[in-house]
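This one's a predicted model, so the numbers in the text were calculated from it and none came from an experiment. Proteins get letters first, then strands, A, B, ... in listed order; numbering begins at 1 in each.
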Amino acid sequence: MRLNDIEILEKLKIGDQSGYKDLFDLYYIPLSVYSLKYCDSFDQAEDIVQEIFVKFWDDKLYLKLKNSIGPYLFKAVKNNTLSYIRKNAKYRFEEIESQVNRLIEDEVVDIENIEEEKRKLYKEIEALPEKSRKVFKAIVLDNLKYKEAAEQLGVSVNTIKTHYSNALKQLRKSLDIIIVLLLV
Amino acid sequence: MKKNDTYILKLILAYISQDLSEKEFNELKDWLNDDPENTKLFSEYLYFYKKSRRIGFTENVDSNHAWNNINTKLHQEPNIVPILEKPISKLRFLRQGIRFIKYAAVFIGVIGIGYYFMNQHKTTAVSGNQLQIADDKITLELENGNVKVIQTGGKQQRINISGKVVAEQIGNILNYEKENSAEELAYNILTIPNGKKFQVVLSDGTEVHLNSGSVLKYPVKFITGINRQVYLLEGEAYFDVAKDPKHPFIVNADDINIRVLGTEFNVSTYPEDSSINTVLVEGAVSIFGKDKTYDKATSLELKPGYMASWDKTKNNATIDEVDTNIYTGWKNGKLIFKNIQFKNIIKKLERHYNVTIINNNSKLDEKNYDATFDVETIEEVLNSFNKNYEIEYTIENNKIIIN
């Protein structure tokens, strides 16, 4: 059973440590997904979120919170991810990034929602030519580097890039939203 | 210039994987500025890509691993039971094998430079036997002699004989009510077993950190007009004394008294150590014999950054300038040995981890070692001794045997 913020805070404040696991179960994946949206690195997203969980416990931050934990955690994840990005990503189109990020709703991320998205995506992927499908899966879903994907599929990095382009080109057409430009 | 679609798409991919040159970035920027439709197209790619990435992430994320990873990094009372493949009942299981390299030992001394040791050095050491560690309880002896077990995982109130709340305990901290004075002194005695640490805030606001294997006796309330006196009956404590110039604070540690007005210092009086050590972090302290009363002329004054070592057999003290961090690191979970005999290192490891170590290699006993550990498991500590000093060990019948 999943507890809500208030129930978790109550547990933590009376020193019931199982509340910390409840907090983790409730927020770890949504927070990591949220961070990922900004930083695009599976590992970095998890590192950032784990660091926040550690800090939350070590600094007893729950003692300062009253009715909710989620907003605090999401905000901390966003701040830390953005500061990481600003330090590490050299070439970014800030405005477009934030525009796109706003379109991706996230605070309400739940597993069912993502499962639904996943079903749709897989349906689209199945329609791709075999090689494009494999490359797209390897790079985007399984987080392989071009070089790793090339080794795994026994082709050159350039071939990987070509299949990857083809896959994205075709999949983009399946987008069921219209991006409304608010950019000036 | 109209660029061809395939080329632009490659630039977009290079942007997505942040693997593009400044020249390519500028080309992409120019292309975006050419036509609002291009920005729209680019945004769609980015949007689709990001949505797909999070699907991929949720497919690949390993929450159990993440949970264990978080637990290994906690400094504050990290006794949340991690997820283990085979849960071990009742006895607390040392979190071995789930720690990672980040918090590894840094060796100084013989090696000269610190380096990280790897998990795979479990090599010859572990003989299939695993170590189970008893979870000994912190106890509080009340003024009437009753002994209570302190459950660190909760919040409790301490009530005195007349039904009044005298202290509140939340997690690892026991906090006494702040009141001006009592009519007569009533003592409580806190006993911290091996493997545990604890903190008590006395009624004057003085904070005391207690290391593993320590016993502290102190009044529930201090009396106005009388010195604030506490007794470190055994072990090690770090005092952050609340300022009160009218009431000197005196710590009795075995043969000596340490008198302060308001300051931070560390005292250790473990049986295996030949001396009682007082390390001053801030302020000023005076040290005098346990049966004496304080006299400025005959007592020993200590300055910050210095350590007074009272030799228990010679009954005299020496003063040395020290790095105070070495002596206070234990408060933050560190285990620091500087020029310590191996037999004493063993005692300190036993106390810190609540394990039994039997050393069959007596040649090692008198040798001195330097080592610093952060939050490693006992296995990791032993493995780093194995790695750095070729000290072999096995685990038999829940005991660590050094050969």
Side-chain angles (χ1 to χ4, degrees), chain A residues 13-18 20-21 24-25 28-29 32-33 36-37 40 42 45-46 49-51 53-54 57-60 89-93 96-97 99-101 103-104 109 111 114 117-118 121 136-137 139-143 145-146 161-162 164-165 168-169 171-172 174-175 177 179 181 183, chain B residues 5-6 9-10 12-22 24-25 28-29 32 36 39-63 66-67 69-71 73-81 151-156 169-172:
Chain A
K13 283 179 182 171
I14 59 162
D16 181 351
Q17 293 170 351
S18 69
Y20 190 53
K21 181 68 164 66
F24 174 89
D25 288 340
Y28 184 75
I29 288 177
S32 301
V33 165
L36 181 73
K37 181 173 88 166
D40 189 48
F42 288 13
E46 288 204 75
V49 174
Q50 288 177 18
E51 202 185 298
F53 267 96
V54 169
W57 180 259
D58 276 352
D59 294 355
K60 301 189 170 61
K90 246 174 152 177
Y91 303 115
R92 283 180 84 240
F93 299 115
I96 299 179
E97 288 278 347
Q99 174 86 5
V100 170
N101 287 339
L103 289 170
I104 302 175
V109 162
I111 298 302
I114 288 189
E117 281 180 16
K118 191 170 144 185
L121 179 67
F136 179 85
K137 271 184 157 169
I139 304 280
V140 179
L141 303 182
D142 291 328
N143 201 33
K145 301 247 182 295
Y146 288 164
K161 286 184 182 173
T162 305
Y164 188 16
S165 307
L168 267 190
K169 202 170 167 182
L171 289 167
R172 181 192 65 85
S174 72
L175 265 187
I177 71 141
I179 303 238
L181 289 176
L183 300 167
Chain B
D5 287 347
T6 315
L9 190 49
K10 287 219 163 138
I12 294 173
L13 287 183
Y15 172 86
I16 281 171
S17 51
Q18 282 295 300
D19 180 25
L20 77 174
S21 64
E22 192 177 349
E24 288 171 322
F25 180 71
L28 198 53
K29 200 188 320 184
L32 288 168
T39 305
K40 182 173 178 292
L41 183 66
F42 180 81
S43 301
E44 286 176 356
Y45 275 120
L46 200 56
Y47 177 83
F48 177 78
Y49 171 78
K50 284 177 187 245
K51 292 276 267 190
S52 305
R53 281 293 272 178
R54 71 179 193 181
I55 291 167
F57 176 81
T58 53
E59 281 177 341
N60 285 290
V61 66
D62 182 350
S63 296
W67 173 245
N69 210 11
I70 287 170
N71 277 287
K73 289 180 186 165
L74 298 177
H75 295 99
Q76 201 65 41
E77 200 192 4
N79 53 1
I80 294 162
V81 182
Q151 305 289 354
T152 51
K155 179 177 166 176
Q156 290 172 45
Q169 174 226 331
I170 302 173
N172 255 348

Using a strict cut-off of less than 4.0 Å between a Lys/Arg side-chain nitrogen and an Asp/Glu carboxylate oxygen, indicate whether A:Glu97 and B:Lys50 qualify as a salt bridge. yes
NZ/NE/NH1/NH2 to OD/OE distance under 4.0 Å, B:Arg54 and A:Glu117: yes
Taking the six-membered ring of B:Tyr45 (Phe, Tyr or Trp), confirm whether the NZ or CZ of A:Arg172 is under 6.0 Å from its centre and within 45° of its axis. yes
Within this structure, what is the [atom1]-[atom2] distance for the pair [X] and [Y], rounded to the nearest 0.5 Å?
| X | Y | atom1 | atom2 | result |
| --- | --- | --- | --- | --- |
| B:Leu46 | A:Leu103 | CG | CG | 10.0 Å |
| A:Asp25 | B:Ser63 | CG | OG | 8.0 Å |
| B:Leu32 | A:Phe93 | CG | CZ | 5.0 Å |
| B:Asn60 | A:Asp142 | CG | CG | 5.0 Å |

Closest non-hydrogen atom pair between [X] and [Y], with its separation:
| X | Y | answer |
| --- | --- | --- |
| A:Val54 | B:Ile70 | CG2-O, 3.8 Å |
| B:Leu9 | A:Ser165 | CD2-O, 3.2 Å |
| A:Tyr91 | B:Leu20 | CE1-O, 3.3 Å |

B:Tyr49 and A:Phe136 aromatic centres sub-6.0 Å: no
Contacts of A:Asn143 that satisfy side-chain contact (heavy atoms from CB on, under 4.5 Å) - sequence neighbours left out: A:Phe42, B:Arg53
Set of side-chain contact (heavy atoms from CB on, under 4.5 Å) partners for A:Lys145, sequence neighbours left out: A:Glu148
Does the side chain of A:Phe53 come within less than 4.5 Å of B:Leu74's, by heavy atoms? no
Non-hydrogen atoms of chain A under 4.5 Å away: do they reach the side chain of [X], the backbone, both or neither?
| X | result |
| --- | --- |
| B:Tyr15 | side chain |
| B:Ile12 | neither |
| B:Glu24 | neither |

Chi angles and distances behind the side-chain contact (heavy atoms from CB on, under 4.5 Å) call for B:Phe48, A:Leu121: CA-CA 10 Å; B:Phe48 177 78; A:Leu121 179 67; 3.6 Å; yes
If only side-chain N and O atoms count, and only distance matters, is there a donor-acceptor pair under 3.5 Å linking A:Tyr146 with B:Asp19? no
Decide yes or no on side-chain contact (heavy atoms from CB on, under 4.5 Å) for A:Ser32 and B:Val61, but give the supporting numbers first. CA-CA 9 Å; A:Ser32 301; B:Val61 66; 5.6 Å; no
Need one label for [X]: side chain, backbone, both or neither, based on atoms under 4.5 Å from any heavy atom in chain B.
| X | answer |
| --- | --- |
| A:Tyr28 | side chain |
| A:Leu168 | both |
| A:Glu46 | side chain |
| A:Ser18 | neither |

Heavy-atom pair count under 4.5 Å with chain B, highest-scoring of A:Leu141, A:Leu36, A:Asp40: A:Asp40
Show your working on salt bridge (Lys or Arg N to Asp or Glu O under 4.0 Å) between A:Glu51 and B:Lys73 and close with a plain yes or no. CA-CA 9 Å; A:Glu51 202 185 298; B:Lys73 289 180 186 165; over 6 Å; no
